[in-house]
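Letters A, B, ... mirror the listed sequences (proteins, then strands); counts begin at 1.
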Number of protein chains: 2
Amino acid sequence: MPPTTDSASIPIETLSISEVCNRLGITAHTARYYERIGLLHVGRSPSGRRVFDQRAVDRLDFLVRMRSSGMGISELTRYVDLVNQGESTTPERLQIMRDQRQRIIEQIRDLERALTATEYKIAVYGGAPDDTSHSPKGHHS
Amino acid sequence: MPPTTDSASIPIETLSISEVCNRLGITAHTARYYERIGLLHVGRSPSGRRVFDQRAVDRLDFLVRMRSSGMGISELTRYVDLVNQGESTTPERLQIMRDQRQRIIEQIRDLERALTATEYKIAVYGGAPDDTSHSPKGHHS
DNA sequence: CCTTGACTTCGAGTGCACTCAAACCTCTAG
DNA sequence: CTAGAGGTTTGAGTGCACTCGAAGTCAAGG
């Protein structure tokens, strides 16, 4: 954890790299990698350790969500660069997010098709083709 | 296309690799790769070209759906091997499909979270939070 | 016959996103 | 003081799933 060295008695809400990564479901390696390539900036404690404030956590969370929905590192880099360039870049950022939304919707559709195929197989293997709840063979789940 | 050399006049419903791949949204390279690693078997015309019958198309379609929903090549190989081993392997196949279903459901949940985050950004950049069609700023789609 | 374009094989190459190794530092507990 | 857990840096390595290149074959059109 970040140092307990509170000179003041204010409870500062910061997290260590492992705490953040546990919450977000990524490894510390990945978080360091993202920082290395410029996707986020993280402060340091006096001893050089990363200190994640709310802003850094939120940014990392955003990065994880975009990655998990198929945005590539290069597009994410582009987006972050636009953010750093200021307000004038909102139109392009908006476009990136709209493209991303479209991709996510398509991915969900694909997954739903795959889910249908998978449930069909489960029905075939697990019991009668029209039976998905009280199959004669499989009886758990 | 497969040869028009019909000795009989029966309209044989087979497809060339490019026709199949166009329908399924993959490249011919990928289909050949899947065949090479044993995920499907495809017949050949007298001149050595791949001839996809309904069975081969269905198999490839299944492979594509499983891949698109995150099943790895190695697990897909395992599954196909089980199918080739016959009926006695249905319990393990069932388990693989149940695991797959679970993964798909989790992926859909993740994507829905990402979609929420994305739509939030769109609302922030694009104007009013409840406005998705007639944005006041962005005007070149 | 000749060209064109889609197909064949095989091995090798590519891109992406991590993932790890090594050597070092620092804090806390015993 | 010592051990051990967890942190730091850099550059290099890994795994996955394609993706491509090269050289050749084949069928149809002009």
Side-chain angles (χ1 to χ4, degrees), chain A residues 1-7 14-52 56 60 62-80 103 110 114, chain B residues 1-7 14-52 56 60 62-80 103 110 114:
Chain A
M1 300 134 226
T4 325
T5 322
D6 290 13
S7 54
T14 59
L15 298 174
S16 72
I17 191 165
S18 61
E19 287 167 334
V20 175
C21 291
N22 284 340
R23 280 166 206 227
L24 299 184
I26 61 173
T27 70
H29 284 308
T30 301
R32 290 191 199 105
Y33 168 68
Y34 287 172
E35 192 194 20
R36 239 197 306 185
I37 64 176
L39 289 179
L40 81 162
H41 295 289
V42 188
R44 291 292 189 281
S45 75
S47 63
R49 298 190 171 188
R50 284 173 183 81
V51 175
F52 285 78
L60 186 51
F62 173 72
L63 295 173
V64 170
R65 287 197 198 294
M66 290 305 107
R67 284 289 307 118
S68 78
S69 54
M71 184 179 285
I73 292 283
S74 63
E75 195 167 4
L76 215 33
T77 301
R78 171 76 184 146
Y79 180 84
V80 166
R103 275 196 301 263
D110 275 3
Chain B
M1 298 137 229
T4 324
T5 323
D6 290 14
S7 54
T14 58
L15 298 175
S16 72
I17 191 166
S18 61
E19 287 166 333
V20 175
C21 292
N22 284 341
R23 280 166 205 227
L24 299 185
I26 61 173
T27 70
H29 283 307
T30 301
R32 290 191 198 104
Y33 168 69
Y34 287 173
E35 191 194 21
R36 243 200 300 186
I37 63 176
L39 289 179
L40 81 162
H41 295 289
V42 188
R44 291 292 189 281
S45 74
S47 63
R49 298 190 172 188
R50 285 172 183 79
V51 175
F52 285 77
L60 186 51
F62 173 72
L63 295 174
V64 170
R65 286 198 199 292
M66 290 304 107
R67 283 290 306 120
S68 77
S69 53
M71 184 178 285
I73 292 285
S74 63
E75 194 168 5
L76 214 32
T77 302
R78 171 76 184 145
Y79 179 85
V80 166
R103 275 197 301 264
D110 274 3

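The side chain of B/S47 places no N or O atom within less than 4.0 Å of a non-bridging phosphate oxygen (OP1 or OP2) of C/dT8. Distances shorter than 4.0 Å separate none of the side-chain N or O atoms of A/R49 from OP1 or OP2 on C/dT26. At the phosphate of D/dT8, OP1 or OP2 sits under 4.0 Å from a side-chain N or O atom of A/R32. Taking only side-chain nitrogens and oxygens, A/R50 comes nearer than 4.0 Å to OP1 or OP2 of D/dT8. Phosphate proximity of C/dC7 to B/S18: present, with a side-chain N or O under 4.0 Å from OP1 or OP2.
Atoms CG (A/L15) and C1' (D/dG7) sit 15 Å apart, rounded to a whole Å. In this structure, CD1 of A/I37 is placed 15 Å from P of D/dT10, rounded to the nearest angstrom. The distance between atom CG of B/L39 and atom P of D/dC18, rounded to the nearest whole Å, is 10 Å.
Comment: A/E35 engages A/R44 in a salt bridge, judged by a side-chain N to carboxylate O separation of less than 4.0 angstrom.
Applying the side chain to side chain donor-acceptor pair (under 3.5 Å) test to A/T77 and every residue at least two apart in sequence or in another chain returns nothing.
Across all their heavy atoms, A/Y34 and A/L63 have their closest contact at CD1-CD1, 4.2 Å. Considering all non-hydrogen atoms of both residues, B/A114 and A/M66 come closest at O-CE, 4.1 Å.
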Could you encode protein contacts along nucleotides 17-24 of chain C as a string, one character per nucleotide from 5' to 3', using B for base contact, S for sugar-phosphate-only contact and - for no contact, with a heavy-atom cut-off of under 4.0 Å? BBBB----
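Between the side chain of B/E19 and the backbone N or O of B/S16, at least one donor-acceptor pair lies under 3.5 Å.
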